[in-house]
Peer 1: 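What follows is a single structure, and I will ask about it in a moment.
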Protein chains: 2
Amino acid sequence: MGEDRKQRRDAVANRERILAAAAQAFRDSGMAVDMRAIAAAAGVGVGTLYRHFPTREHLVHAVTGTDLAELAGAALPGGVSAIAGLRRFFTATMTHLTGNKAMVDLLAAGSPSDADLARCLSHLTKIGQEAVDRSRTDHTLATDVTAHDIAYQLLGLIRIAQLIPDTEPNTIGHQVDLALRGLAAK
Amino acid sequence: MGEDRKQRRDAVANRERILAAAAQAFRDSGMAVDMRAIAAAAGVGVGTLYRHFPTREHLVHAVTGTDLAELAGAALPGGVSAIAGLRRFFTATMTHLTGNKAMVDLLAAGSPSDADLARCLSHLTKIGQEAVDRSRTDHTLATDVTAHDIAYQLLGLIRIAQLIPDTEPNTIGHQVDLALRGLAAK
DNA sequence: AGCGATTCGGAACATCGGTTCCGCTTGGTG
DNA sequence: CACCAAGCGGAACCGATGTTCCGAATCGCT
């Protein structure tokens, strides 16, 4: 499996630096950064960048992979009610996203046909299902709330977060609150 | 000051056809349509298109102007409670938007720095304020709901609508319902 | 019909961002 | 130290899209 047999020391180092620079650039400026800018920020030529990541998409995946995996690895916190778990999950997600423009771009304004967004949506729906299931015993969610509703609500919140001027956690917290009221059992 | 003194018959007609074709194209394919495609759809050359609308932005404004004005002209229906008024307004807006990809693109995924979006947001906030005011007498909204919250909620809903696969009014209606529960007085 | 101002069509140009190519450099091995 | 494959830099290429230009066609008036 290991095909990293003959990779030069500097090649490895460059790969790292490109990855770091790209992560930084994506976080700061969103998905739309110019490849040339990333290369420059990493202190390498575009050729080098393309040697390591044959396509923009490859680079994007390499960089957002971590964030996406983190989000995908997240689960409903245990030991609390369905609604409390959701509150924590929503809050944690929003916090985790602040300052990551690329992630917010992807989730808040990405095309509905984007594969990454679809993957996220489906994972969020899984988490929503956990909440719905848990509510079957603690009845803290409204009975007509579905797993999809929960996923959609979170994505709606992320869009709202993108629209809020600077990024006062206060306002966002309030929005999370409103959303949860809509999901909670009456 | 009518400066339309000497405009040829056919020039006027072409203007109309371009406007119609553009409206159609924007509605069907979103903001990203190619100018050439619009010109072709209108049965004119690009030169003609540019004679009438010196810039893409001009065309966009001419076309979305109507929709935007409609949305901006909308107000909270009178004679009902704050929450009922909001329900009608939300539902009407969502209905009005279905099938208009350009409008949905703009509102659901537009950059936070877009001037049109900002204008919309501020108008929606005005409507939100009406609702908040009305609730001061009928108390049908939660006391901590602000005008901004209402505007944000609607934009969140529009983003959700964009994400929902085909466009079953059912699902959207349900989402509207959840949002309103979050805004309603307990 | 004749004529000039207006409008038209669409090829050509400009720009922008992703990607490729290739001559030069460099790490690492005998 | 010499060599050479791995790696590098960045100019050049490409395709997409907005925009300009100008000779040809058309309108409307006499």
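Letters A, B, ... mirror the listed sequences (proteins, then strands); counts begin at 1. Quantities reported herein were computed from a predicted structural model and do not represent experimental measurements.
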Peer 1: Taking atom P of D:dT19 as reference, at what distance in whole Å does atom CG of B:Asp34 sit?
Peer 2: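 Taking CG of B:Asp34 and P of D:dT19, I get 11 Å after rounding.
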
Peer 1: Would you mind reading off the distance between B:Glu57 atom CD and D:dT17 atom P, rounded to a whole angstrom?
Peer 2: 18 Å

Peer 1: Specify the separation, in whole Å, of atom OH of B:Tyr50 and atom P of D:dT19.
Peer 2: 4 Å

Peer 1: To the nearest angstrom, how far is B:Ile38 atom CD1 from C:dG9 atom P?
Peer 2: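 Atom-to-atom, B:Ile38 to C:dG9, this comes out as 15 Å.
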
Peer 1: For B:Met31 and D:dT17, what is the distance between atoms CE and C1' respectively, to the nearest whole Å?
Peer 2: 17 Å

Peer 1: Return no unless some side-chain N or O of A:Asn14 is found under 4.0 Å from OP1 or OP2 of D:dC8.
Peer 2: yes

Peer 1: Does B:Thr55 put a side-chain nitrogen or oxygen below 4.0 Å from OP1 or OP2 of D:dT19?
Peer 2: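 Checking B:Thr55 against D:dT19: at least one side-chain N or O falls below 4.0 Å of OP1 or OP2.
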
Peer 1: Looking for any heavy atom pair under 4.0 Å, which part of the strands does B:Arg51 touch: base, sugar-phosphate only, or nothing?
Peer 2: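 Base, at least one base atom sits under 4.0 Å.
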
Peer 1: Regarding D:dT17, can its base be found pairing with the side chain of B:Arg56 as donor and acceptor, where the two atoms are less than 3.5 Å apart?
Peer 2: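 Not at all, since no donor on one side and acceptor on the other fall under 3.5 Å apart.
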
Peer 1: Under 4.0 Å between a side-chain N or O of B:Thr48 and OP1 or OP2 of C:dT7?
Peer 2: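 So the side chain of B:Thr48 is outside the cut-off, no N or O lying under 4.0 Å from OP1 or OP2 of C:dT7.
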
Peer 1: Going by heavy atoms in the side chains, are A:Asn170 and A:His174 under 4.5 Å from each other?
Peer 2: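 A side-chain contact under 4.5 Å is absent here.
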
Peer 1: Nearest to the side chain of B:Val46, which nucleotide is it out of D:dG18, C:dG9, C:dA11?
Peer 2: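 Nearest to the side chain of B:Val46 among the choices is C:dA11.
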
Peer 1: Nearest to the side chain of B:Asp10, heavy atoms from C-beta on, is which of D:dT26, D:dG9, D:dC8?
Peer 2: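 Per side-chain heavy atoms of B:Asp10, the pick is D:dT26.
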
Peer 1: May I ask you to say what A:Arg36 touches in the nucleic acid, namely base, sugar-phosphate or nothing, with a heavy-atom cut-off under 4.0 Å?
Peer 2: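 Since a base atom lies under 4.0 Å of A:Arg36, the category is base.
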
Peer 1: Would you mind telling me which of D:dG28, D:dG9, C:dT7 lies closest to the side-chain atoms of B:Arg9?
Peer 2: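 For the B:Arg9 side chain, the nearest candidate turns out to be D:dG28.
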
Peer 1: Count I, L, V, M, F, W, Y as connected when their side-chain heavy atoms are under 4.5 Å apart, and connections chain through other members. Are B:Leu68 and A:Leu163 then in the same cluster?
Peer 2: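 Yes, it is one cluster - the side chains of B:Leu68 and A:Leu163 are joined through contacts under 4.5 Å.
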
Peer 1: Among C:dT19, D:dT19, D:dC8, which nucleotide sits nearest the side chain of B:Met35?
Peer 2: D:dT19

Peer 1: Roughly, in whole Å, what's the span from CG in B:Leu49 to P in D:dT17?
Peer 2: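 Rounded to whole Å, this separation is 15 Å.
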
Peer 1: Checking the side chain of B:Arg27 only, and the main-chain atoms of B:Gly99 only, is there a donor and an acceptor separated by less than 3.5 Å?
Peer 2: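 Answer holds: no.
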
Peer 1: Do any side-chain nitrogens or oxygens of B:His52 fall under 4.0 Å of OP1 or OP2 in C:dT7?
Peer 2: no

Peer 1: State, with a plain yes or no, whether a side-chain heavy atom of B:Phe53 is found less than 4.5 Å away from one of B:Val60.
Peer 2: no

Peer 1: Kindly compute the distance separating CG (B:Asp105) from CD1 (B:Ile158), expressed to the nearest 0.5 Å.
Peer 2: 12.0 Å

Peer 1: Rounded to the Å, how far apart are A:Leu59 CG and C:dT19 C1'?
Peer 2: 14 Å

Peer 1: Tell me the interatomic distance from A:Arg15, atom CZ, to D:dC8, atom C1', rounded to whole angstroms.
Peer 2: 16 Å

